[in-house]
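These numbers come from a predicted model, not from an experiment. Both ligands and their constituent atoms are indexed starting at 1 by order of listing.
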Amino acid sequence: MRPSETGLSKKLFIKTYGCQMNVYDSARMADVLAPLGYEAVDAPDGADMVILNTCHIREKAAEKVYSELGRLRSLKDDREGMVIAVAGCVAQAEGEEIMRRAPCVDIVLGPQTYHRLPEMVARAARAGGGVLDTDFPVEPKFDFLPESSAPSGVGAFLTIQEGCDKFCTFCVVPYTRGAEFSRSVAEIEAEARRLVANGAREITLLGQNVNAFHGAGPDGRDWGLGRLVRRLAEIDGLYGIRYTTSHPLSMDEELIAAHGDVPALMPFLHLPVQSGSDRILAAMNRKHTADDYRRIVDRLRVVRPDIAMASDFIVGYPGETDADFEDTLRLVRDVGYAQAYSFKYSPRPGTPAAGRRYGHVDEAGKTERLAVLQDLLDAQMSAFNQASVGRVLPVLFERTGRHPGQIVGRSPYMQAVHVDAPRDLIGTSAAVMVTGVTSHGLTGVLAAFSGRPMHSEEVVAG
Ligand code: 5AD
Ligand code: SF4
């Protein structure tokens with residue numbers, strides 16, 4: 001019997017900030033709480049429990065949490081018994097500070113302990129709040145999480161690896177998510193098969209350092225990501241595989257080769273480089289040069305000529321000169337990106353870069369560099385989108401559009417594609433002739449429908 005039928009239903013609202021791994025974690029927290037009668041709702045009003053699943057990557061992301069807590073406090077005043085929990089990376093980094101700054105918070109939990117949520121809810125009810133659990137437990141949470149029974153979207157996420165041992169000097173992730181940990185191939189394959197059985201057609205493999213994946217394989221050896229991708233590509237009904245986010249140092253030959261000969265591996269790669277200056281890359285502890293990165297992109301383009309690149313950039317890292325910034329612009333021009341995220345450097349407490357006492361670039365300088373970089377990246381993205389017009393691309397349809405009769409899917413290059421077509425194509429992949437570019441993505445018309453998955457090399461040529 002469902003909780004709503006027993007009359008014991010409680011409403012759970014989860015607000016997710018930050019990366020796709022947080023989106024995945026939020027879904028898993030809902031799975032953990034479902035047996036207690038919690039059902040997900042999409043607004044905090046009237047909720048019995050609100051979880052803010054937070055991001056600490058840049059200062060702005062963390063500050064948003066405190067303003068949201070201010071709003072929630074007044075909701076809680078009107079609703080006796082409402083439980084407020086703060087989860088994710090801000091919780092991990094600032095647990096006690098949150099309790100102090102926002103006494104309305106009952107539970108603070110880190111990203112590695114949410115399998116213990118039921119126990120925390122019970123403790124909070126007994127003690128009237130004040131529960132803090134930001135351990136890095138010895139037992140991996142994946143061993144304790146229930147299997148998800150919820151229907152998946154057409155595009156699903158699957159965490160295969162967590163944490164990071166790279167320690168880039170600007171980044172909080174190694175401190176908030178902990179050391180690198182990979183799930184086993186068997187566990188990942190089982191979850192992927194469940195997702196496909198529940199309707200997923202494309203799976204994005206997630207990890208803070210996803211290409212550093214080294215999970216135990218069925219042969220007792222550690223498998224790399226290239227091998228895992230080959231294995232998952234054998235699952236019937238799974239048309240597309242993506243992975244994010246990667247580090248250039250972990251782009252090994254096996255993975256590059258997989259881009260060449262696993263058709264389900266989508267020809268789009270988010271490979272953050274952060275800077276194009278060797279001096280800044282060294283200061284950031286990235287352990288590769290700008291030319292190392294160019295070589296990786298070249299090798300990927302040899303095996304998969306239609307691969308599109310995406311990246312992350314930071315401007316105004318301490319010590320960055322105009323010449324360093326010019327090197328970044330040069331790298332962007334050399335590679336040519338289909339998509340990119342760029343940020344002003346934001347000092348994060350506890351990271352080595354934040355402790356530097358000299359060389360900080362002033363705010364105006366950061367703002368100016370960011371504008372120049374974003375103009376260049378925007379121009380590249382527009383050119384990439386424009387170049388799609390007239391091409392036939394395989395599009396995986398995911399949902400209905402805003403206009404009647406319209407459905408929306410994604411191209412291999414993560415472009416949203418809007419098409420007038422029957423709803424029953426949702427969940428299938430079809431060839432679409434791209435006819436235009438709008439501010440929301442691409443428009444197109446059905447070119448053919450064969451009912452079977454189409455891979456880009458079948459239709460892109462010509
Ligand atoms: N300041 C600015 N940007 C940052 N990122 C990570 N840490 C910082 C920081 N302290 C960016 C990087 C990373 C992305 C997820 O966020 O570009 O790839
Ligand atoms: Fe952060 Fe990525 Fe560097 Fe790890 S590799 S420290 S997650 S930027």
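Counted by atom type alone, T289 and D292 present one or more donor-acceptor pairs between their side chains at under 3.5 Å. Judged purely by distance below 3.5 Å, without hydrogens or angles, the side chains of S388 and N385 never pair a donor atom with an acceptor atom. Checking S346 against E59 by side-chain atom types alone, no donor-acceptor pair falls below 3.5 Å.
Listed by number with element, the atoms of ligand 2 under 4.0 angstrom from any heavy atom of F167 are 6 (S). Set against the non-hydrogen atoms of C168, the atoms of ligand 2 under 4.0 Å away are 3 (Fe), 5 (S), 6 (S), 8 (S). For ligand 2, the atoms closer than 4.0 angstrom to any heavy atom of F170 are 8 (S). Atoms of ligand 1 lying under 4.0 Å from any heavy atom of R348, numbered from 1 in the order shown and given with element: 10 (N). Near H247, meaning under 4.0 Å from any of its heavy atoms, are these atoms of ligand 2: 5 (S).
Looking from atom 10 (N) of ligand 1 to the surrounding protein, the closest heavy atom is S346 O, 2.7 Å. Of the protein's non-hydrogen atoms, D312 OD2, 2.6 Å is the one closest to atom 18 (O) of ligand 1. Given atom 5 (S) of ligand 2, the protein heavy atom at minimum distance is N209 ND2, 3.3 Å. From the protein, the heavy atom lying nearest to atom 17 (O) of ligand 1 is Q274 OE1, 2.6 Å. The shortest contact between atom 2 (C) of ligand 1 and any protein heavy atom is with K344 O, 3.3 Å. Protein heavy atom nearest atom 16 (O) of ligand 1, with residue, atom name and distance: R58 NH1, 2.7 Å. Among all protein heavy atoms, the one lying closest to atom 6 (C) of ligand 1 is I57 CG1, 3.4 Å.
Checked for salt-bridge contact, R299 and E253 meet the test: a charged N lies under 4.0 Å from a carboxylate O. Using a 4.0 Å cut-off between charged side-chain N and carboxylate O, E94 and R348 make no salt bridge. Electrostatic pairing of R28 and E191 counts as a salt bridge here, judged by a charged N lying under 4.0 Å from a carboxylate O.
Checking C171 against atom 3 (Fe) of ligand 2, every N/O/S atom stays at or beyond the 2.8 Å cut-off.
Ring geometry for H270 against Y341 counts as perpendicular: the plane angle is over 60°, on a 0 to 90° scale with 30° as the lower cut. In this pair, H440 and H418 present their aromatic rings tilted. The plane angle is within the 30 to 60° band.
Within the 4.0 Å heavy-atom criterion, the part of I314 lying near ligand 1 is the side chain and not the backbone. With a 4.0 Å cut-off on non-hydrogen atoms, F170 touches ligand 1 through its backbone as well as its side chain. The proximity of P174 to ligand 2, defined as any non-hydrogen pair under 4.0 Å, is limited to the side chain. With a 4.0 Å cut-off on non-hydrogen atoms, C164 touches ligand 2 through its side chain and not its backbone. No part of T245 comes within 4.0 Å of ligand 2, judged by heavy-atom distances.
The backbone N or O of C168 lies less than 3.5 Å from no partner atom in the side chain of Q274, so there is not a single donor-acceptor pair.
Cation-pi contact between R399 and F397: absent, since separation from the ring centre below 6.0 Å together with deviation from the ring axis within 45° is not met.
Within 6.0 Å of CD in E97 there are more than 12 heavy atoms belonging to other residues, nucleotides or ligands.
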